[in-house]
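Below: the structure, in structure tokens.
Numbering of residues begins at 1 and proceeds along the displayed sequence. As the structure is a computational prediction, the values presented were derived from the model and not from experiment. What's counted below: heavy atoms across the whole structure, side chains too, no hydrogens, waters or symmetry copies.
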Amino acid sequence: MRVASGIDLVVIGADGGPDRAFGGSARAAEGARELAEVLPGMCFDAGAADSRVTVVEPGADANAMLTAVREAAARPGRWLLVCLVGQLVADPRGRRLALVTAGSTADNAYRRGLAWDWVVSAMVHGDQEEALLLVDAVADKDTWAALERGGGEDGAGELLSYPRVPLWGRIGRHAPARYTPGRRGREAVLPGGPGSFSRSLTTVLRQGVPGAPAAVGPHDLQPAVGALLDGGAPHEGDGAGAPPRQGETPGVRLLVPPEGGRLLMRNRAAIRGALAGLSLSEELLALLWRESAPTDPPSA
């Protein structure tokens, strides 16, 4: 019997619908499409040929989204990657989170939404060796206040401060009713749009990280991703490649992946100079990446 390998990738870009309060999800489907297009082929020792990808329709309900996660988690494999793109909402007590789904209103958004706890529970009990939850989201004023209360039992911040699965991404504060352009004339950062986590991550994966090894983990990619994030760039004077400083930008919460783990991504910049102008197949590129990478991946 074939040994389980590759990645199971579930990408959820939830469009909250026409309600102005949930306008933070307006470009979520774009971000989801980018992640689904780029991530599979960048898995170092699997590539697109050995990846199983599920892209959930942006107008799907919470049951369909959760079913996609559970089905992927039930398949034996090496890695489970779940991407949540859209707008988060807290329950009335400010202790739990959900991803806003289509057709939601201010009165039922949490009840209709995809509960964070459900997603995490499915991933924790999955049949993969490792799991990673990628988050590109915004939160309204009340939800942001719940997150800001930190990692105690009184607030939803506990879900981010003490995660049951590793997290990687960005959560920003969304204020649709009173938003005015920033000092430099920039528009608000929406998940899937310019300055978002999904856009920054896919840009870095496409371009690579000069000077880095042929195989890099999420933690190795974070400085380059953070430099592109709106509100997550390194502080002036920190130097190239320095990680973003948590908490210095109001209204932005960066989720930095932990060190270690065996999920490795291909670094396109590692061999670009040597192969400039050549037309190579996916199989040959994969071989060259492996030849220039460490023999043994880092242990979990």
Residue pairs passing the ring-ring contact (aromatic ring centres under 6.0 Å, His included) test where at least one lies in residues 189-227, sequence neighbours excluded: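 ring-ring contact (aromatic ring centres under 6.0 Å, His included) check on residues 189-227 returns Trp168-Phe197.
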Residue list, side-chain hydrogen bond (donor to acceptor under 3.5 Å, both in side chains) with Ser121, at least two apart or on another chain: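 Residues passing side-chain hydrogen bond (donor to acceptor under 3.5 Å, both in side chains) with Ser121: none at all.
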Residue pairs fulfilling side chain to side chain donor-acceptor pair (under 3.5 Å) with at least one residue in residues 101-114, sequence neighbours excluded: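 The answer is Thr105-Asn108.
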Backbone N/O of Pro213 and side chain of Asn267: donor-acceptor pair under 3.5 Å: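 Pair found, side chain donor or acceptor close to backbone of Pro213.
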Arg170 side chain to Val135 backbone, donor-acceptor under 3.5 Å: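 Here the side-chain-to-backbone pair does not exist.
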Residues 59-71, side-chain donor-acceptor partners within the protein, below 3.5 Å, at least two apart:
unit_1	atom_1	unit_2	atom_2	d
Asp61	OD1	Asn63	N	3.2
Asp61	OD1	Ala64	N	2.9
Thr67	OG1	Asn63	O	2.8

Using the test side chain to side chain contact (heavy atoms under 4.5 Å, CB included), find all partners of [X] that sit at least two apart in sequence or belong to another chain.
X	result
Ala115	Trp118
Pro194	Arg27, Arg199
Val85	Ala28, Leu35, Asp136, Pro191
Ala74	none

Approximate separation, where rounding is to 0.5 Å, of Leu263 CG and Gln128 CD: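 Interatomic distance, Leu263 CG to Gln128 CD, rounded to 0.5 Å: 12.0 Å.
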Separation of Ser196 OG from Glu30 CD (nearest 0.5 Å):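 It is 9.0 Å, given to the nearest 0.5 Å.
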Minimum side-chain heavy-atom gap Leu132-Leu167 below 4.5 Å: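 Result no, sub-4.5 Å side-chain heavy-atom pair not found.
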Test item: Val138 and Trp144 side chains (from C-beta on) under 4.5 Å apart, heavy atoms: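 SC-SC contact between Val138 and Trp144 ruled out.
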With Asp117 via salt bridge (Lys or Arg N to Asp or Glu O under 4.0 Å) - residues at least two apart: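 Checked Asp117 against salt bridge (Lys or Arg N to Asp or Glu O under 4.0 Å); matches are Arg96.
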With sequence neighbours excluded, residues passing salt bridge (Lys or Arg N to Asp or Glu O under 4.0 Å) with Arg75: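 Arg75 satisfies salt bridge (Lys or Arg N to Asp or Glu O under 4.0 Å) with Asp8 only.
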Salt bridge present between Glu129 and Arg262 (N-O < 4.0 angstrom):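 Result for this pair is yes, salt bridge flagged.
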Sidechain N-carboxylate O distance under 4.0 Å for Glu148, Lys141: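 Judged by the 4.0 Å cut-off on N to carboxylate O distance, Glu148 and Lys141 do not form a salt bridge.
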Any donor-acceptor N or O pair under 3.5 Å, side chains Thr202, Glu34: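 Present: a donor and an acceptor within the cut-off.
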Single hit among Leu160, Val252, Leu97 for side chain to side chain contact (heavy atoms under 4.5 Å, CB included) with Ile171: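 For Ile171, the side chain to side chain contact (heavy atoms under 4.5 Å, CB included) check succeeds only for Leu160.
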